[in-house]
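The next block holds one structure in the form of structure tokens; read it before the comments.
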Amino acid sequence: MIEHNPIIDLNLSKQDVESYILSHGWQQVEHPNHKLQVFAGSVDNDGRAIRLVLPITNDLKDARLRIYQAMQTISDIEDRSLNAVVADIERIKASQ
């Protein structure tokens, strides 16, 4: 289980992460919880789509935790450091 490190503030919004994952082929999928957005990406070793969960808004109580967990998942999937993925998202954000 990925634990949130309260010392780490990625300073990313849900929209920043969503833009990044959509540009990398993730697809939004239906989910019964109206407070979450779920995305399916590449497949795991068993052939199942890997899921990524983001809060529907940045205002939810656990939004920072969800964003942090999503970034950890992306980092693991891309086999890159968390800092490298964050830097890419920040570059995209700055160019918009």
Side-chain angles (χ1 to χ4, degrees):
M1 176 180 202
I2 300 171
E3 297 279 335
H4 177 63
N5 182 342
I7 297 170
I8 298 173
D9 183 5
L10 300 177
N11 199 27
L12 296 175
S13 71
K14 170 257 186 199
Q15 292 82 1
D16 298 333
V17 179
E18 182 179 7
S19 294
Y20 179 81
I21 62 174
L22 290 174
S23 72
H24 284 80
W26 292 79
Q27 304 270 327
Q28 186 172 351
V29 296
E30 293 294 319
H31 192 272
N33 187 333
H34 67 280
K35 293 182 179 181
L36 302 175
Q37 276 185 295
V38 178
F39 298 86
S42 57
V43 294
D44 64 15
N45 293 338
D46 296 325
R48 295 176 292 178
I50 297 171
R51 304 283 179 166
L52 191 69
V53 178
L54 288 175
I56 198 73
T57 70
N58 294 308
D59 300 327
L60 294 176
K61 183 175 143 182
D62 67 344
R64 293 171 104 190
L65 172 61
R66 296 274 182 193
I67 291 168
Y68 179 81
Q69 290 172 330
M71 292 301 299
Q72 287 285 60
T73 300
I74 294 165
S75 171
D76 290 344
I77 290 168
E78 294 183 1
D79 196 25
R80 299 190 307 143
S81 73
L82 180 64
N83 290 338
V85 177
V86 170
D88 281 354
I89 293 173
E90 288 174 342
R91 270 193 294 277
I92 292 167
K93 190 165 79 169
S95 70
Q96 294 176 345

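The 12-atom threshold is not exceeded at CG of Asn45, counting heavy atoms of other residues, nucleotides or ligands nearer than 6.0 Å.
For Arg91, the salt bridge (charged side-chain N to carboxylate O under 4.0 Å, His left out) criterion is met by Asp88, not counting sequence neighbours. In this structure Glu90 satisfies the side chain to side chain donor-acceptor pair (under 3.5 Å) test with no other residue, sequence neighbours excluded. Shown here are the salt bridge (charged side-chain N to carboxylate O under 4.0 Å, His left out) partners of Asp59, two or more places apart in sequence or in another chain: there are none. With sequence neighbours excluded, the residues forming a side chain to side chain donor-acceptor pair (under 3.5 Å) with Glu78 are Tyr20, Arg80, listed by chain and number. Every residue two or more places apart in sequence or in another chain was checked for a side chain to side chain contact (heavy atoms under 4.5 Å, CB included) with Asp79, and none qualifies. Residues satisfying the salt bridge (charged side-chain N to carboxylate O under 4.0 Å, His left out) criterion with Lys93, sequence neighbours excluded, are Asp16.
You'll find the side chain of Ile74 reaches within 4.5 Å of the side chain of Leu52, heavy atoms only. For the pair Leu12/Met71, a side-chain contact is recorded, criterion being any heavy-atom separation below 4.5 Å from C-beta on. Contact annotation: the side chain of Leu54 approaches that of Glu18 to within less than 4.5 Å [non-hydrogen atoms, C-beta and beyond]. The side-chain heavy atoms of Ile67 and Lys14, taken from C-beta on, include a pair separated by under 4.5 Å. Between Val43 and Ile50 there is no side-chain heavy-atom pair separated by less than 4.5 Å. Residues Gln15 and Asn58 meet the side-chain proximity criterion, which asks for heavy atoms closer than 4.5 Å.
Side-chain atoms of Asp62 never come within 3.5 Å of backbone atoms of Leu65 as a donor-acceptor pair (strictly under, hydrogens ignored). Remark: the backbone N or O of Arg48 is not paired with any side-chain donor or acceptor of Asp46 at under 3.5 angstrom.
Taking every heavy atom of both residues into account, Leu36 and His31 meet most closely at CD1-CE1, 4.0 Å. Heavy atoms only, all atoms of each residue included: Leu60 and Pro55 are closest at CD1-CB, 4.0 Å. Contact detail for Ala40 and Ala49: the closest heavy-atom pair is CB-CB, 3.9 Å.
Put simply, CD on Gln72 and CD1 on Ile77 are 11.5 Å apart, with the number rounded to the nearest 0.5 Å. The CD atom of Glu30 lies 10.5 Å from the CD atom of Gln37; values are rounded to the nearest 0.5 Å.
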Side chain to side chain contact (heavy atoms under 4.5 Å, CB included) between Tyr68 and Leu82, intermediate numbers included: CA-CA 10 Å; Tyr68 179 81; Leu82 180 64; 4.2 Å; yes
Arg66 vs Val53, test: side chain to side chain contact (heavy atoms under 4.5 Å, CB included). Steps then yes/no. CA-CA 7 Å; Arg66 296 274 182 193; Val53 178; 3.8 Å; yes
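Residues Leu22 and Ile92 share a single hydrophobic cluster, defined by chaining ILVMFWY side chains whose heavy atoms lie under 4.5 Å apart.
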